[in-house]
Amino acid sequence: MTEFRPPLIEIRDATVFRGVTKVFDRLDLVLEQGRSTAILGPNGAGKTTLLKLLTRELYPVQRDGAYVRILGQARGDVWSLRTQLGIISSDLQYEYAGRASGLEVVLSGFYASVGVWGHQEYDASQQEMALVTLHELGIEDLAERRYETLSTGQQRRLLLGRALINQPESLLLDEPTSGLDLAATFSYLKTLRRLMLTGRTVVLVTHHIHEIPPEIERVVLLNAGKITADGHKHSVLSSQSLSSLFGESINLIESDGWYQATPA
């Protein structure tokens with residue numbers, strides 16, 4: 001008998017406000033475990049609200065049949081699911097404790113804390129796991145350096161290590177290469193590809209076409225709080241669909257599974 005696996009993310013009939021602004025009106029979206037997905041949209045599409053919905057910072061309007069479930073759970077602290085879902089957001093990067101060392105950043109993933117605090121205890125095996133994670137990401141040289149002194153790319157890699165320390169099956173990433181130069185972007189994307197090839201599910205929320213690795217099969221287009229297209233990447237991504245999505249004439253170029261947009 002096949003073991004039942006709940007959807008990674010299940011949003012049903014969700015109406016969501018930020019302040020007095022209605023961002024989503026009866027939104028439906030289901031993302032399965034085991035299938036990596038990119039959610040693509042311009043600024044103002046609702047991507048930030050969607051992320052806050054998934055991290056339990058926002059909830060949908062209460063009514064029968066309306067819910068947001070993460071791995072089958074409709075309520076509770078999403079960070080308690082960290083052994084199943086690792087979250088790396090732009091908010092976390094900007095808010096993270098600046099004086100923490102690289103090793104402490106990775107260790108803090110065990111408690112899902114922003115920094116390491118006096119009441120937290122880490123045994124030798126956990127410290128060894130953190131060092132191994134730093135090594136696997138190629139950033140062992142950051143172990144003793146303070147977070148606030150690092151480049152954006154180095155900080156992103158440490159936060160990825162923080163998520164990976166719990167060995168989650170899935171990762172939720174918020175514009176992971178934003179602000180990175182080409183070398184740092186290519187290095188980060190290479191790491192993401194390796195993670196997907198070893199079986200991890202990635203949900204990528206972005207407005208950058210070039211961030212979508214070849215291993216991502218499904219693309220959801222989001223605009224003005226509505227899903228305008230959803231399906232296999234090759235059928236969803238086109239010059240026409242992106243021109244409509246971003247309100248600008250776009251020529252889409254594909255090479256070896258990667259996509260890039262140029263002015264049409």
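Numbers for residues simply follow the sequence, beginning at 1.
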#### Entry: Heavy-atom neighbours of E32 CD exceed 12 at 6.0 Å
yes
### Message
Are N223 and P42 packed together at the side-chain level, in the sense that at least one heavy-atom pair is separated by less than 4.5 angstrom?
### Response
yes
### Query
Are side-chain heavy atoms of P176 and E211 found at a separation under 4.5 Å?
yes
### Task
Please check if the side chain of N166 supplies one atom and the backbone of G86 the other of a donor-acceptor pair under 3.5 Å.
no
### Short side-chain donor-acceptor distance under 3.5 Å, D91 and S89
no
#### Entry: Beyond-backbone contact of Q93 with Y147, side-chain heavy atoms, under 4.5 angstrom
yes
### Query
Hey, are the side chains of L8 and L71 touching, using non-hydrogen atoms and a 4.5 Å cut-off?
yes
### Query
So, does S244 use its side chain to make a donor-acceptor pair with the main chain of S241 at under 3.5 Å?
no
### Message
Looking at R63, I'd like to know if its CZ atom is crowded, meaning that more than 12 non-hydrogen atoms belonging to other residues, nucleotides or ligands lie closer than 6.0 Å.
### Response
yes
### Message
Any non-hydrogen side-chain atom of V236 less than 4.5 Å from a side-chain atom of D230?
### Response
no
### Query
Applying the side-chain contact (heavy atoms from CB on, under 4.5 Å) test to L31, which of I11, I9, L172 qualifies?
I9
### Task
Report yes if the side chains of V23 and L58 come closer than 4.5 Å at any heavy-atom pair, otherwise no.
no
### Summary
When rounded to the nearest 0.5 Å, the distance separating CG of L107 from CG of L134 is 8.5 Å
## Note on the structure
Heavy-atom nearest pair, R194 first then L137, reads NH2-CD2, 4.1 Å
#### Entry: Close side-chain approach of M129 and Q167, heavy atoms under 4.5 Å
yes
### Query
Between S108 and V114, is there a donor-acceptor pair closer than 3.5 Å when you use the side chain of the first and the backbone of the second?
no
### Query
Is the shortest heavy-atom distance from the side chain of P213 to the side chain of M196 under 4.5 Å?
yes
### Message
Looking at E248, I want to see if its CD is surrounded by more than 12 non-hydrogen atoms of other residues, nucleotides or ligands under 6.0 Å.
### Response
no
### Query
Among side-chain atoms of S187 and R157, is any donor-acceptor pair under 3.5 angstrom?
yes
### Task
Give the ring-plane orientation class for Y259 versus H234, where under 30° counts as parallel, over 60° as perpendicular and anything between as tilted.
tilted
### Message
Determine whether a donor-acceptor pair (N or O, by modelled atom type, separation under 3.5 Å) exists between the side chain of Q126 and the backbone of D123.
### Response
yes
### Message
Just verifying a value: how many Å separate L92 CG and D174 CG, rounded to the nearest 0.5 Å?
### Response
10.0 Å
### Query
Looking at CD of E169 and OG1 of T201, how far apart are the two atoms once the value is rounded to the nearest 0.5 Å?
7.5 Å
### Query
Are V30 and V220 connected, step by step, through hydrophobic side chains (Ile, Leu, Val, Met, Phe, Trp, Tyr) whose heavy atoms are closer than 4.5 Å?
no
#### Entry: T55 side chain to E57 side chain, donor-acceptor N/O pair below 3.5 angstrom
yes
### Message
Please check: side-chain N/O of D28 versus main-chain N/O of D13, any donor-acceptor pairing under 3.5 Å?
### Response
yes
### Query
Under 4.5 Å between side-chain heavy atoms, hopping through other hydrophobics if needed: is there a path connecting L189 to I253?
no
#### Entry: Closest approach of L159 to I88 (non-hydrogen atoms, all atoms of both residues)
O-CG1, 3.8 Å
### Query
P60 pairs by side-chain contact (heavy atoms from CB on, under 4.5 Å) with which of V16, L27, T15?
V16
### Task
Verify, without hydrogens or angle tests, whether E144 (side chain) and S101 (backbone) share a donor-acceptor contact under 3.5 angstrom.
no
### Spacing of S113 atom OG and R162 atom CZ [to the nearest 0.5 Å]
6.5 Å
#### Entry: From CG (L237) to CD (E254), nearest 0.5 Å
10.0 Å
### Donor-acceptor side-chain pairing of H207 and E175 below 3.5 angstrom
yes
### Query
Would a hydrophobic clustering, with Ile, Leu, Val, Met, Phe, Trp and Tyr connected at side-chain separations under 4.5 Å, put L50 with F17?
no
### Query
Does Y59 sit in a hydrophobic cluster with other residues, and if so which ones, taking ILVMFWY side chains as linked at heavy-atom separations under 4.5 Å, directly or through other members?
none
### Query
Any donor and acceptor pair, going by atom type alone, linking the side chain of R145 with main-chain N or O of G102 inside 3.5 Å?
no
### Query
Just one of T206, L204, I212 clears the side-chain contact (heavy atoms from CB on, under 4.5 Å) bar with H208, so which one?
T206
### Message
Taking L180 as the starting point, is it possible to reach W258 by hopping between hydrophobic residues whose side chains are less than 4.5 Å apart?
### Response
yes
### Task
Any chance you could measure R35, atom CZ, to I216, atom CD1, to the nearest 0.5 Å?
11.0 Å
#### Entry: Test side-chain contact (heavy atoms from CB on, under 4.5 Å) applied to T133 and I139, L158, I165, L160, the passing residue
I165
### Query
Within the side chain of R156, is there an N or O that forms a donor-acceptor pair under 3.5 Å with the backbone of S178?
yes
### Query
Backbone N or O of P214 within a donor-acceptor pair of the K233 side chain at under 3.5 Å?
yes
### Query
Looking at G46 and L222, what are the two nearest heavy atoms and their distance?
C-CD2, 3.9 Å
#### Entry: ILVMFWY network linking Y67 to F24, side-chain heavy atoms under 4.5 angstrom
no
